[in-house]
Amino acid sequence: MSFKDKISSLLFGAKKEEPADETLLTEQEHKIPETVPEIQTATPNDPSRLEIPADHPIRQLHELRQKESGPLPYPRLCMDEDGVLPPELLEKEMNRLQSSLKSVCGTRLKGTKGRIRGKHSKKKAETEAETEEDQLVMDARPWFFLSSDKIYAWMLVFPPVGPGAELTRDMIYQALTAQGISYGLETALLDRVAHDRDRYFNLYLVAKGKPAFDGRNGNIVDNFPRVIQRELEVNEFGQVDYTALNLICNVEEGQEICHLIRPTEGEPGRTVLNQEVPAKSGKSVPLPKGRNTEIGEDGDTLIASMPGHVEFSGSTFQVKPVLDIDGDVDFSTGKIKFVGDVNIKGDVLSGFTVKAMGNIYVGGVVEAGSTVEAGGDLTVVKGILGDGTTVIRAGRCIFAKYIENATIFVRENLQTDCIVNGKVYCDGEVIIRSGRGSIIGGRVWAAKRVSASAIGAKSEVKTAIALGGMPCSTLEKDLIRKKLANLASELEKLEAQLDSHAKTSLMGKLRMKISMAEHRLKQLDEELDNAKEELKNQKEQDSGRMECGVAYAGTEISIGDEFLRLRQETHQCVAKLLCDEIVLM
């Protein structure tokens, strides 16, 4: 055919000519225009578009329709053209759709099996095949796919086969009724699809139910922190402002500590089958009421029943009383023993004792010969100046400007600018990086890490660093043994005295103290034995670590049973246990 004839054929249609060969006729009938592309697969950038494999039966149904009615837009199986559905829903339903579509297309394809076989039979069976084709009639069929929660329904329409009926509006609504789909119908879309030119082999979202919304759980909004940050901030000059730690959160009587946001009721949903979807109501939470707090009249607020310090302990807010001392702890105040927090603006003078179950804040100096014991944190703004008899204890952390000639007992971390001839027992980390950042003389035993700018001195003064183990428990055990020895000596002296009512009373008290000390000693022995068993299985990198900018000769390092004495000055020193040997890195 000439080029002119091809153009005329495309514009006005080809002239009917009797082909010389039946094979040529069959090829012309089945030929698909070259301008029509192959069936498109899923676009990688569109996760809602269903991929159509090469062997999917919908391809064969599509080809069959083309042979009967001419070129036809290829299937567009997009579950969410408008991009309004949740991505997790699409990901969940794509596999279900793939499986269901393959099954229903395969079933419909079996119904056309005789027709396909007739088209490709040999010449001697063409007459019989054509008769079979004339008898095969399949009307257009709407098929519906429901999401697993029955909230969404999609429709795909299969075209008729042979002289079957084309899709009509009544046909769609009859199919919807048969499936029980009646809620959330997109009626405008359904009416348009019934007359749409490209209505076949396309996926339409035809019904949207109403998802159920569970109620929100109740919540507590805090006005005070539950966890107080105990990390010191070092400025660009390497200095720490110990007056600005803000470890005590003061509250006035009647002040709100936290308030309750009540739970909300759930909102039921409805499926496209017009079935109710139940919703859960939110769970309520109780107000964290602790000591010295009370619930307000509205029932939604927790308020302080007395002035003091707010602390979150366990699962409740508590208000601890705060003892404010405007000056020094001296003869005007005497020894202090308090159940809450103590705020001392001055110094703790020599020979005086301060004990508190909460936090202790000292704005001045802890002098030689004094004793300070805090159940929580201890902050000493101007440092601890001891004489070898000064004892400092803290149930949590200690922050001090400097420590000199004092015995320190701290359950968590210690942070200071300088330690001189101190005895430190720390179950956490000892950090001396601000200010001078020096450890000079004495012994520092930390369970986890010692980090300092300098350890020791050029004079090679003996400075001992011990790592690992349970320093506080070991120290307490030694102190209890000394206490038991003293009590036993006192009891022996009493027994030598003449019998009297006073002797009997004193001996009873002494025996009670000895019994309590022995019980505590037994507990500590069990704790240390368990710790030793854990240390045997403990990894070397967890056995303790020393870090410093410079370690001078005379520094002694011990980790467990291993010992190392530095013979020369070492810079940028990191000491740790490796293969049962202390190594410097």
Side-chain angles (χ1 to χ4, degrees), residues 39-40 42 46-50 52 56-58 61-62 64-66 68-69 71-86 89-90 92-94 96-105 107-109 111 137-212 268-277:
I39 295 179
Q40 298 176 357
D46 188 358
S48 68
R49 189 97 172 262
L50 186 68
I52 306 174
H56 201 288
I58 198 171
L61 291 173
H62 185 271
L64 179 60
R65 176 64 177 175
Q66 283 195 132
E68 291 183 346
S69 62
L72 182 70
Y74 289 97
R76 179 175 175 80
L77 307 179
C78 184
M79 299 189 75
D80 186 22
E81 279 191 284
D82 298 329
V84 296
L85 299 182
L89 171 70
L90 296 175
K92 178 181 177 182
E93 301 297 340
M94 289 293 279
R96 290 185 61 246
L97 175 61
Q98 183 77 271
S99 177
S100 299
L101 186 62
K102 187 172 184 179
S103 175
V104 71
C105 289
T107 301
R108 189 166 181 86
L109 188 62
V137 177
M138 297 179 72
D139 294 339
R141 179 198 168 190
W143 171 75
F144 299 97
F145 174 76
L146 274 62
S147 60
S148 55
D149 56 6
K150 306 295 187 297
I151 299 297
Y152 300 95
W154 290 266
M155 180 183 73
L156 184 142
V157 183
F158 293 105
V161 176
E166 296 285 344
L167 180 69
T168 62
R169 182 180 182 279
D170 292 340
M171 192 182 295
I172 293 176
Y173 280 92
Q174 287 175 6
L176 287 168
T177 303
Q179 292 286 332
I181 302 173
S182 58
Y183 182 84
L185 295 176
E186 301 284 348
T187 53
L189 174 63
L190 291 169
D191 293 342
R192 178 174 62 81
V193 170
H195 306 287
D196 196 347
R197 177 181 176 184
D198 301 330
R199 56 190 177 274
Y200 299 123
F201 296 114
N202 285 333
L203 195 65
Y204 300 96
L205 182 60
V206 295
K208 299 177 185 177
K210 180 183 177 183
R270 190 160 292 275
T271 68
V272 294
L273 303 178
N274 205 20
Q275 299 169 341
E276 184 176 291
V277 180

*For Arg108 against Pro159, the heavy-atom pair lying closest together*: NH2-O, 2.9 Å
*How long is the span from the CG atom in Leu77 to the CE atom in Met94, to the nearest 0.5 Å?*
9.0 Å
*Residue pair Leu205 / Glu186: nearest heavy atoms and the distance that separates them*: O-CG, 3.9 Å
*Minimum side-chain heavy-atom gap Leu61-Phe201 below 4.5 Å*: yes
*Interatomic spacing from NZ in Lys208 to CD1 in Ile151 - rounded to 0.5 Å*: 13.0 Å
*Identify the two heavy atoms, one from Tyr183 and one from Thr271, that lie closest to each other, and give their separation to 0.1 Å.*
CB-O, 3.4 Å
*Determine, stepwise, if the pair Leu167 / Tyr200 fulfils side-chain contact (heavy atoms from CB on, under 4.5 Å).*
CA-CA 9 Å; Leu167 180 69; Tyr200 299 123; 3.8 Å; yes
*Any ring-ring contact (aromatic ring centres under 6.0 Å, His included) pairs touching residues 143-167, not counting sequence neighbours?*
Phe145-Trp154
*Interatomic distance, His62 atom NE2 to Cys105 atom SG [nearest 0.5 angstrom]*: 11.5 Å
*asked:* For Leu203 and Leu97: C-alpha separation, side-chain torsions, deciding distance, then whether side-chain contact (heavy atoms from CB on, under 4.5 Å) applies.
replied: CA-CA 11 Å; Leu203 195 65; Leu97 175 61; 3.7 Å; yes
*asked:* Would you compute the distance between atom CZ of Arg96 and atom CG of Leu101 and round it to the nearest 0.5 angstrom?
replied: 12.5 Å
*side-chain contact (heavy atoms from CB on, under 4.5 Å) between Leu146 and Leu273, worked out*: CA-CA 10 Å; Leu146 274 62; Leu273 303 178; 3.9 Å; yes
*Quick one: pull up CD in Glu276 and NZ in Lys210 and give me the separation to the nearest 0.5 Å.*
9.5 Å
*Should Glu166 and Arg199 count as an ion pair when the cut-off is N to O under 4.0 Å?*
yes
*asked:* To check you understand the geometry: which heavy-atom pair defines the closest contact between Ile172 and Met155, and what is its length?
replied: CG2-SD, 4.0 Å
_Please check: side-chain N/O of Ser103 versus main-chain N/O of Ser99, any donor-acceptor pairing under 3.5 Å?_
no
*Kindly indicate, with the supporting measurements, whether the criterion side-chain contact (heavy atoms from CB on, under 4.5 Å) is fulfilled by Leu176 and Leu190.*
CA-CA 11 Å; Leu176 287 168; Leu190 291 169; 3.7 Å; yes
*Side chains of Asp149 and Ser147: donor-acceptor distance under 3.5 Å anywhere?*
yes
